[in-house]
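Shown next, in C-alpha cells, is the structure this report addresses.
Sequence lines set the chain letters: A, B, ... in the order given, protein chains first and strands last, and positions in each chain run from 1.
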Amino acid sequence: MTNLIDIATWNVNSLKVRLPHLLQWLQNNPVDLIGLQELKMTDNVFPVDALEEAGYGAVFAGQKTYNGVAILYKKATMPTPSDVTVNLPSFPDEQKRVIGASFGDFRFVSAYVVNGSEVGSDKFEYKKAWLDALIADCAQWLSSNPKLALVGDFNIAPDDRDVHDPAAWKDQVLCSEDERSRFEKLLSLGLHDSFRLFEQADKTFSWWDYRQRGFQKNRGLRIDHVLISDALKSNCTASKIDRTPRKWEKPSDHAPAVATLSI
DNA sequence: ATGGTCGGTGTCCGA
C-alpha cells in the first residue's frame with residue numbers, strides 16, 4: 001500500500017516568535033511531515049498543545065538559545081513515529097542539530113547543518129567534520145532504511161544556480177568547494193536533491209539575509225533542501241520552495257521547501 | 001556608505 005504525502009522543511013529561526021507563522025502556513029499547506037530547525041528553545045516550552053490543536057504531533061530536541069530541531073507529523077494521516085533518534089551517532093555533540101523518526105518503513109530526518117561562519121574559521125572546521133560525520137551516518141541509515149528523506153537547513157548552496165551573485169559568493173562560506181564537495185558526496189550515497197528533479201524558475205532561493213533588504217532584492221541562496229533516497233526518486237512528483245511566508249510581518253529569514261511523494 | 005538585521009533569559013554572539 002502506498003500513501004501520497006507532502007514533506008517539508010523550514011528553518012523557523014525561533015519557534016517561539018514564529019509559531020503564529022508556522023500555524024498559519026500549516027493551515028494553508030497541511031503537509032504530512034515537516035522538519036523544523038533553529039527552534040531556539042528548551043523542550044519544556046515546546047508548543048505541544050498549540051500544534052496538537054492544529055492536528056500535528058511532534059518529536060523534538062531543543063536547547064537553550066541556539067539550534068534545536070523537530071519533526072511534526074499530521075496525526076490524521078501519519079502513524080505514530082518510532083525509533084526517534086537525536087544527533088549523529090558518530091559525532092557526540094552538545095548542539096541539538098538532528099532528529100530522525102520512522103513512520104512505518106519511511107525514515108524522516110530533520111537536520112540543521114553547522115553554518116560555519118567563515119571559510120577557515122574554527123566554526124568552519126567544525127562544519128567540515130560535522131558534514132563528514134553526517135555522510136558516514138547517512139550511509140548507515142540508507143542501508144537500514146532504503147526509504148529515507150533527509151531534509152533541513154544544509155547551509156550549503158549546491159551550485160551557482162542556487163546563488164543570487166555567484167561571483168560575489170565564490171569560495172565564501174555556504175558556497176565553497178569544501179562544502180559543495182561534501183554535499184555531492186552525500187548525494188553520491190544514493191540521495192537526490194528533489195528540487196532539481198523538476199523544472200524550476202531561475203533565481204529560486206530559500207534564504208535571504210535580513211540585512212540590506214535582501215528579500216526585496218531577491219539576494220538569496222538556496223540552502224534548504226529536501227533530499228530523497230533512490231527508492232523514492234521515481235515516487236516524487238513535485239518539489240518547490242514557498243516564499244510566501246517570507247513576505248509576512250516578522251518573517252523567518254528562511255522559506256519552507258516542500259516535496260510530494262508516495263511512500 | 002566597509003554598515004546594514006534579526007533572536008536570544010542577550011547589553012555580545014551567532015546567523
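Remark: Lys40(A) is not in phosphate contact with dC6(B), judged by side-chain N or O atoms under 4.0 Å from OP1 or OP2. Taking only side-chain nitrogens and oxygens, Lys64(A) never comes nearer than 4.0 Å to OP1 or OP2 of dT9(B). Contact annotation: Arg18(A) side-chain N/O to dG7(B) OP1/OP2 distance is under 4.0 Å.
Residues Arg219(A) and Phe205(A) have side chains not in contact (no heavy-atom distance under 4.5 Å, counting atoms from C-beta outward).
Atom CZ of Arg219(A) is separated from atom C1' of dG4(B) by 12 Å (rounded to the nearest Å). Note: CH2 (Trp248(A)) to C1' (dC6(B)) measures 19 Å, nearest angstrom. Following rounding to the nearest Å, Asp153(A) (CG) and dA15(B) (C1') show an atom-to-atom distance of 10 Å. The nearest whole Å value for the distance from the CG atom in Asp209(A) to the P atom in dG7(B) is 13 Å. Between the CD atom of Gln37(A) and the P atom of dG14(B) there is a distance of 20 Å, given to the nearest Å. A straight line from CG of Leu39(A) to C1' of dA15(B) spans 15 Å, rounded to a whole angstrom. Look at CG on Asn155(A): it is 15 Å from P on dG14(B), rounded to the nearest Å. Taking atom CD of residue Gln172(A) and atom P of nucleotide dT2(B), one finds them 19 Å apart after rounding to whole Å.
Classification of the Phe103(A)-Tyr73(A) ring pair by plane angle, with boundaries at 30° and 60°, yields tilted.
If you take atom P in dG14(B) and the same atom in dT9(B), they sit 14 Å apart, rounded to whole Å. Comparing dG10(B) with dA1(B), their P atoms are spaced 38 Å from each other, to the whole Å. Separation of the P atoms belonging to dT2(B) and dT11(B) is 27 Å when rounded to the nearest angstrom. Going from the P atom of dG7(B) to that of dG3(B) covers 23 Å, rounded to whole Å.
Looking at which nucleotide of DNA chain B each of Gln95(A) and Val17(A) is closest to, the 5′-most match is held by Val17(A). Heavy-atom distances to DNA chain B give each of Lys16(A) and Gly116(A) a nearest nucleotide, and the one nearer the 5′ end belongs to Lys16(A).
The Tyr210(A) side chain lies nearest to dT5(B) when the options are dG8(B), dA15(B), dT5(B). Here dA15(B) is the nucleotide among dC13(B), dG4(B), dA15(B) with the atom lying nearest to any side-chain atom of Asn115(A). Listed candidates were dT9(B), dG7(B), dA15(B). Nearest to the side chain of Thr65(A) is dT9(B).
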Show your reasoning for whether side chain to side chain donor-acceptor pair (under 3.5 Å) applies to Asp153(A) and Trp207(A).
CA-CA 9 Å; Asp153(A) 175 1; Trp207(A) 168 84; over 6 Å; no
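Backbone-only engagement by Tyr112(A) is indicated by non-hydrogen atom pairs under 4.0 Å involving sugar-phosphate atoms exclusively.
Counted by atom type alone, Tyr126(A) and Gln95(A) present one or more donor-acceptor pairs between their side chains at under 3.5 Å.
Under the 4.5 Å side-chain heavy-atom criterion for Ile, Leu, Val, Met, Phe, Trp and Tyr, Val113(A) and Leu227(A) are members of the same hydrophobic cluster.
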